[in-house]
J.: 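Provided herewith is a single structure, encoded as structure tokens, for subsequent inquiry.
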Amino acid sequence: MRALRRFTVRASLPEPLSSLGTLATNLRWTWHPPTQDLFASVDPRVWSEVGGDPLRLLSVVSPDRLEHLARDEQFLSHAQALADDLDRYTQGPRWFQRRQEEVQVRREHGNYELTPLPNAIAYFSMEFGVTEALPNYSGGLGVLAGDHLKAASDLGVPLIAVGLLYRSGYFRQSLSLDGWQIEHYPVLDPRALPLELLTEPSGAPILVHVAMPGDRVLRAKIWKAQVGRIPLLLLDSDVEENDEDLRGVTDRLYGGDQDHRIRQEILAGIGGVRAVRTYCDLTGHAKPEVFHTNEGHAGFLGLERIRELTTTEGLDFDQALAAVRAGTVFTTHTPVPAGIDRFPVDLVQHYFGSETLLPGVSTQRVLALGAEDNPGLFNMAHMGLRLAQRANGVSKLHGEVSRDMFRGLWPGFDTTEVPIRSVTNGVHGPTWAATEMSKLLGETEESGIGMRFEPVTDTRLWELRTELRGRLVDEVRRRVRASWLQRGASALELGWTDSVFDPDVLTVGFARRVPTYKRLTLMLRDPERLRAMLLHPERPVQLVVAGKSHPADDGGKALIQQIVRYADEAGVRHRIVFLPDYDMSMARYLYWGCDVWLNNPMRPLEACGTSGMKSALNGGLNLSIRDGWWDELYDGSNGWAIPTADGVHDPTRRDDLEATALYELLGNQVAPLFYDRGEDGTPTRWLAMVRHTLASLGPAVQASRMVREYVEALYAPAAASAESVVGEGFRGAKELADYRQRLREAWPRVRVLDSELHIDGHPTPVLGAPVTVRARVELAGLEPSEADVQVVLGKVGDGDELHDLVTAPMNYAGNGNYEVDVPLPHAGTLGYTVRILPRHDLLASPAELGKVVLAG
Ligand SMILES: *Cc1c(COP(=O)(O)O)cnc(C)c1O
């Protein structure tokens, strides 16, 4: 019999056990081993059956057991101690509060060096990967967002996070007999998840309303997950009053067509802001001064804030835009132009055109914010950049790539001047490092890995690595067996799965989503060579592969099939496996147990990559193309860099070259080092690399490092900018809008009339010799204080193009004349030019407005 409908009934806990409810619903348990141990002790068998999920445990465990525990003094006092600890964790001052106090104290002494910190930051993302118990993510972007929240919580950063709750999450992956990906969409019941519904005093759900074309309304409930100190608001369109098609808006992550997707993004951005407002009114939470748009998808949030200001504060569009930009931070995550969200302009027009969605906000202005080269498309990343005064990429290399990719928005500027900085991603140590490893290394809650591992002997370190590898091997066997049963094999033929993998063999992991640029099958370039390495008599390698392909990407599924077919062969199936359904619950075993973490993207298409960081936290060594984070953190001895065939444009040849380099490294360096054992049986030189990895990467890859950087480089300055545009009835915003208006009028007539460069003495000047540059400019009615006139010196190449620029501001000498003495910055052939830039105290960078007038 099939159930008509599924619903979940939560167990009612005996009163003495009420603290378990709090401990189970605050997701801090996901990174707090003592809390996990407490739940495991409730019933170890059930705990493992429910995959370590406290809420499920409590709904499944027998009432007798609960009654028994309710009388167990020791258990009760242990639970109470943990609940008190959670209380201290969520209420007490942490890094952020201490920092706030420091700023305060300094200001009292007249020291204004440190920027005050915001009272609240709203963080928007389309996906959040906090735990497999709340499957609301597809891959790296979501897990990164989850790690951001956890680290913010540990640091006490007052974030409010916002996203959507997907009824079926992303999808669950299994395999057909011939290795083709099959997708399943199990429907989740939010009441069985660690979520709380925001309700009116009457108990009715609070609904967010968003207008849809044709006088329709999209309503959404607001669920709240509590991630340590951080509330995570998730909008859910499955509301009875919604039209049937609108109920399905939040059905799946990244599913459906463009129309489905724009509805999701409208709900996340516009509905998201409304949810934050509701939450703050309801709870008295401080109102966010800063809004962080994590990737373009959530960018409509800026439009809603413009609407708020134009309707409630009487600002015009430009004033509201200035106010909104000041407090907005935009993070771009993709260096692949095809990875950027773009909608047909008609579709955007369809939703925003009648102005019922955002009353009073001009559709033309909206469309202009998303304009790109193709007049038929609306570009969410461009809108993100135009709506944010501050923007960043997610590794140093990705910062460079982004400046180049988006340079068209700042015409006339050198790529290095494009105002997109970088904050390298990090991973949440307490979530991703095995507890045993953290203990061995002396990890602290706020700063991640400590430095206490010198006294740990090689033997101890190797024992732990071997234990973690063994745990992975058990998990691999379990999953391989389950996968074959699922593919239709009978238990009788699966005896061989008990001896898949060997706990003492060098274990290499490769797990990630499978877009083309990640090159899932590069390792199969020369199948015989790979086979020889897997089956090497003295130095075998075993390879665990996992990853989901986007359901619409048959190319990706074909790559998975290639791997699966190869791994299915009887001769190698004990040494290479493809594990279906890569998610956080599997990922953890891989990061713990793999000796080597392989990554071979097509450089520079990996924005950052974070899985290798998680492996490093457990003493795994990275073997990777120098892309994303590895480009900046590889130091020559903390892993291996696969050489890239830069400049080779033929992709086939490039893959051949890079695959060969990979085989050579793996066969000639990695494996020999792993199997080179000292007298105590441990691989001494290998362990030296492990120690070096832990020491050099341990602190650098922490999400706490990342979040502190966001606070210092982006959130605090954005809060300061926001304050200076909002105060005194939005005076700053009005001034800035007024200035931009006057710039628009004057700019076409602003010119450098003439300029000269004068070198004293020597016919051939030497490096560092002073030169005098003079210029006469026409400012077309702008005041000298409203423009910067600069000399730009640099090397010149063949096309007279300047590079390696050095700029110096020129001093106003009256009557449109400017002058400056500068030392010559380079030897060789130099050139110079003079340029005029807008200047206003409320701009975050001189390039911000994308306006520059060059001489000549
Ligand atoms: C960390 C993580 C990712 C991201 O890995 P990349 O290296 O960025 O590809 C994807 N999925 C899961 C489950 C993860 O934990």
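In each ligand, atom 1 is the first atom listed, and ligand 1 is the first ligand listed.
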J.: Return the CG to CZ distance between Asn425 and Arg705, rounded to the nearest 0.5 Å.
T.: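 The CZ atom of Arg705 is 8.0 Å from CG of Asn425, to the nearest 0.5 Å.
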J.: Tell me the protein heavy atom at minimum distance from atom 8 (O) of ligand 1, and give that distance in Å.
T.: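 Scanning the protein heavy atoms, the shortest distance from atom 8 (O) of ligand 1 goes to Thr610 N, 3.1 Å.
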J.: Counting both backbone and side chain atoms, is some N or O of Lys614 under 3.5 Å from an N or O of ligand 1?
T.: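 Yes: some nitrogen or oxygen of Lys614 is under 3.5 Å from one in ligand 1.
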J.: Nearest 0.5 Å please: distance from the CG atom of Asn622 over to the OH atom of Tyr634.
T.: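 Going from the CG atom of Asn622 to the OH atom of Tyr634 covers 11.0 Å.
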J.: Measure the acute angle between the ring planes of Trp686 and Phe674, then classify it against the limits of 30° and 60° as parallel, tilted or perpendicular.
T.: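 Rings of Trp686 and Phe674: perpendicular, as their planes differ by over 60°.
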J.: What part of Tyr591 sits under 4.0 Å from ligand 1 if we count only heavy atoms: the side chain, the backbone, both or neither?
T.: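 Tyr591 to ligand 1: side-chain contact only, backbone stays beyond 4.0 Å.
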J.: Go through the steps to decide whether Asp583 and Lys548 satisfy the test salt bridge (Lys or Arg N to Asp or Glu O under 4.0 Å), and finish with yes or no.
T.: CA-CA 9 Å; Asp583 72 351; Lys548 291 177 176 177; over 6 Å; no
J.: So which protein heavy atom does atom 4 (C) of ligand 1 come closest to, and at what separation?
T.: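 Result: Gly140 CA, 3.4 Å.
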J.: If we set the cut-off at 4.0 Å for heavy atoms, which region of Asp583 has an atom near ligand 1: side chain, backbone, both, or neither?
T.: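 Only the backbone of Asp583 comes within reach of ligand 1.
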J.: Using a strict cut-off of 4.0 Å, indicate which atoms of ligand 1 neighbour a heavy atom of Met584.
T.: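 Taking each heavy atom of Met584 in turn, ligand 1 has 13 (C) under 4.0 Å.
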J.: So which bit of Trp432 gets within less than 4.0 Å of ligand 1, heavy atoms only: side chain, backbone, both or neither?
T.: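 Just the side chain.
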J.: Mark yes or no for whether Asp147, through its side chain, and Val427, through its backbone, hold a donor-acceptor pair below 3.5 Å.
T.: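 The answer is no, because no donor-acceptor pair under 3.5 Å joins these two groups.
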J.: Considering residues, nucleotides and ligands other than Arg172, do more than 12 of their heavy atoms fall under 6.0 Å from its CZ?
T.: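 At most 12 heavy atoms, drawn from other residues, nucleotides or ligands, come within 6.0 Å of this atom.
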J.: Looking at CG of Asn599 and NZ of Lys518, how far apart are the two atoms once the value is rounded to the nearest 0.5 Å?
T.: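 Separation between the atoms: 6.5 Å.
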J.: N/O to N/O below 3.5 Å, does that happen between Ser611 and ligand 1?
T.: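 Ser611 vs ligand 1: N/O contact under 3.5 Å present.
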J.: Near Gly609, which atoms of ligand 1 are under 4.0 Å from a heavy atom of that residue?
T.: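 Within the 4.0 Å cut-off of Gly609, ligand 1 contributes 7 (O), 8 (O).
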J.: Quick test: of every protein heavy atom, which one is nearest to atom 9 (O) of ligand 1, and how far off is it to 0.1 Å?
T.: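 That would be Lys518 NZ, 2.8 Å.
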J.: Show the numbers, then the answer: is there a ring-ring contact (aromatic ring centres under 6.0 Å, His included) between Tyr254 and His550?
T.: CA-CA 8 Å; Tyr254 305 141; His550 186 279; 7.2 Å; no
J.: To check your reading of the model: name the closest protein heavy atom to atom 11 (N) of ligand 1, its residue, and the distance in Å.
T.: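 Going by distance alone, atom 11 (N) of ligand 1 is nearest to Tyr582 CE2, 3.4 Å.
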